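Worksheet: the structure to be examined is printed underneath.
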Amino acid sequence: MNTRIAAANPAAPPAVERWQGLWLVVPPVLVLMAVSAMIRSQVSGVLVASLRGAAALLALGYLALALRAHARGRALETSFVVVRTHYVQAILLSSLHLYWATAWAFERGQFPLIAAQIAFAYGCTLLLGWARRGHCEVGFGPIPIILSTNFFMCFKDEWFFLQFAMIAFGLAAKEFIRWKRDGRSIHVFNPSAFSLFVFSLALLAGGQTNITWAPQIATELIRPPHIYFVIFAVGLVVQYLFEVTLVTLAAGLALALLGLAYTAATGIYWFMDSGIPIAVFLGIHLLITDPATSPRDNLGRFVFGALYGTSAFVLYGVLEHLGQPRFYDKLLCVPLLNLLVPLIEGWARRVPVAAFAPFAPFAPFAAHTPRQRNLVFMGLWLLLFGTMVGTHTLGPDHPGLATSFWEHACDAHLHNGCRNLRAIHRDDCADGSADACLAVVDDIRRRGADPGQPQLATYALARACDLGRADICPQFAQALAADGGRAIAARCGARDAEACYLLGSAHMMGYGVASDHAAGFRYFAQSCDLGLPKGCGVTAQTYLYGVGTPRDVTRGLAADDRACAGGQVAACMELGQFLVTGSGDVPRDERRGLSLFARACHFGLEQACRAD
């Protein structure tokens, strides 16, 4: 369907005709401005500036294009194009985000920012098309790009302008980096995967992963019940409609076989808690199944998928060896594989398929139609998935999830058994297990601290004390006093939000350091700025009651709003009470206040259920 935005008469059409199409620029700008005006956005001045800056850039870009078109006597045109791949992916990815949000409150809080990103992506699409050709095709394409990107990386509030930069970079690459395949000009790279690759490299090079939510996203994906089954079911829809089953099947098969080989050789697991980590499992469904950037013949698809699975497996080990975050494994190989697509297709077309009959799952079905063969491949993928679930290679019963497995591996001196056990204790401590924190301390006392982590014992004691082990608090105070708080301060200075929160608590209560409410407030506020919801909750209290800082109800409730968005139900309750009654500078908003009560009630705060 083609819709003219303005007359394209080269003989200087009336100005009103040339400018009337600019209504299309209004919705993206309005959405960005509306999100910036929401209460949660008021917590971070950088976030507000990022949203409004993105809106301003779009508006200025459109103005410049319109003036250029007016001077040249040209019109800006647009076509609304419905592509089945795009709207199907948009629906399926939206359903996955909604399902994930049922189990992770933080994801629900991100929905307005995802909407802002989609609006910005539409705006950039219009800008790029009009700038290059004076004509732009719009449809559902930007939606799956944004939804896919947010399954793997999102920048924290104070760095959110980089999220817009990443989106713009990916869309520009889609527009400018193109080649011809089968006589058609198409983009070389999967847009979301390419921008994720480039920004991942930059984050790794600068050691700045902590300015993103990527580590939390990679671990929190597992939260919803039966998430492997949900992703598998959603993937089946895509595989049936677009016949890309072999890509996912080959990737899954490569990961499964390599994992089995490693376990047979060492007695432990390559991926510690799953045959295929949930983020990688999502990657084999989202990052490599784009029909435009993957091979179009069966042998090529099989090779492409197998290369991705092998690359993700190897990169996991390489990143671990380099001491880098391992969740980048699924992101760093996709653009290279996209570049290899013509070579893979050329090779696959020259190879007699019959020669691979003993190995290739597609050779015996050469006489069938493509749809029939795809159904067979879907059956094979179902068989592989069912086998992995049935043998506990995937899902909640994987042996690597049990600490006892790694304790046995460590006692038996299996390869990396003790190292992985220590890593599990550290992760469980960070996730809220006081016993795991004490295990970290005990391990350090027995064998010494890891290089580069001399402050870990003090941090673990602080966590255990904060998690309710009152008997440990004197040990924490003693350790903190021994170095004047420098160990925890170093972690806080390295943007560890939890460390900032713990140091704030120490200053507020006088544990091991001088009681200093002003310093406590600063550290609490820093933990909130770094994205720690409970840090925002305590920051709200310091503002509301004037502890360590002048009383400021507006800022206190803004911090409560951010804590509530991060799942702190007490903050939801407190904010709701202020909104229902109205107080000082806070306008009364009974409807929103009651909705916050309902949210707190839903997440188990009984007193909120009785509020009215």
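As the structure is a computational prediction, the values presented were derived from the model and not from experiment.
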Mind listing the side-chain donor-acceptor pairs of residues 234-242 below 3.5 Å, one per line with the distance, residues two or more places apart or on another chain?
none

Just distance, no hydrogens or angles: give the donor-acceptor pairs under 3.5 Å from side chains in residues 326-335, sequence neighbours left out.
unit_1, atom_1, unit_2, atom_2, d
Arg326, NH1, Tyr316, OH, 3.1
Arg326, NH1, Glu320, OE2, 3.0
Tyr328, OH, Thr209, OG1, 2.7
Lys330, NZ, Phe327, O, 2.3

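With contacts defined as side-chain heavy-atom distances shorter than 4.5 Å, the pair Phe155/Met166 qualifies. Using a 4.5 Å heavy-atom threshold, the side chains of Ile211 and Leu203 count as touching. Phe120 has its side chain out of reach of Ile146: every pair of non-hydrogen atoms, C-beta onward, lies at least 4.5 Å apart. Looking only at side-chain heavy atoms (C-beta outward), Ile217 and Cys154 come within less than 4.5 Å of each other. Between Asp290 and Phe189, the closest side-chain pair of non-hydrogen atoms is not below 4.5 Å. Inter-residue side-chain proximity for Ser200 and Phe152 is flagged as unmet; no heavy-atom pair is nearer than 4.5 Å.
Ring-plane geometry between Phe229 and His226 is classed as perpendicular, the angle between the planes exceeding 60 degrees on a 0 to 90 degree scale with a lower cut at 30.
Contacts of Ala256 classified as side chain to side chain contact (heavy atoms under 4.5 Å, CB included), with partners at least two apart in sequence or in another chain: Met388. With sequence neighbours excluded, no residue satisfies salt bridge (charged side-chain N to carboxylate O under 4.0 Å, His left out) with Arg84. Taking the side chain to side chain donor-acceptor pair (under 3.5 Å) definition, one finds that Thr212 meets it with nothing, sequence neighbours left out. Evaluation of the side chain to side chain contact (heavy atoms under 4.5 Å, CB included) rule for Leu127 yields Leu58, Tyr62, Leu65 as partners, not counting sequence neighbours. For His398, the side chain to side chain contact (heavy atoms under 4.5 Å, CB included) test picks out Tyr269, Leu401, with sequence neighbours left out. Scored by the side chain to side chain contact (heavy atoms under 4.5 Å, CB included) test, Thr266 finds Tyr262, Ile268, His415 as partners (sequence neighbours excluded). Take Tyr122 and apply the ring pair (Phe, Tyr, Trp, His ring centres under 6.0 Å) test, not counting sequence neighbours, and it matches no residue.
Using a distance-only test at 3.5 Å, with no hydrogens or angles considered, a donor-acceptor pair links the side chain of His97 to the main chain of Leu147. Distance alone, capped at 3.5 Å, places no donor-acceptor pair between the His86 side chain and the Val82 backbone. Of the possible donor and acceptor atoms, one in the side chain of Ser195 sits under 3.5 Å from a partner among the backbone N and O of Ser192.
Each side chain to side chain donor-acceptor pair (under 3.5 Å) pair with one or both residues in residues 241-255, not counting sequence neighbours, appears once here: Glu243-Arg371, Thr245-Asn374. Here salt bridge (charged side-chain N to carboxylate O under 4.0 Å, His left out) pairs that include residues 219-242, with residues two or more places apart or in two chains, are Glu220-Arg223. Residue pairs meeting the salt bridge (charged side-chain N to carboxylate O under 4.0 Å, His left out) criterion with at least one partner in residues 110-134, sequence neighbours excluded, are Arg132-Glu175, Arg133-Glu175.
Side-chain atoms of Asn150 and Gln117 form a donor-acceptor pair, as typed in the model, at a separation below 3.5 Å.
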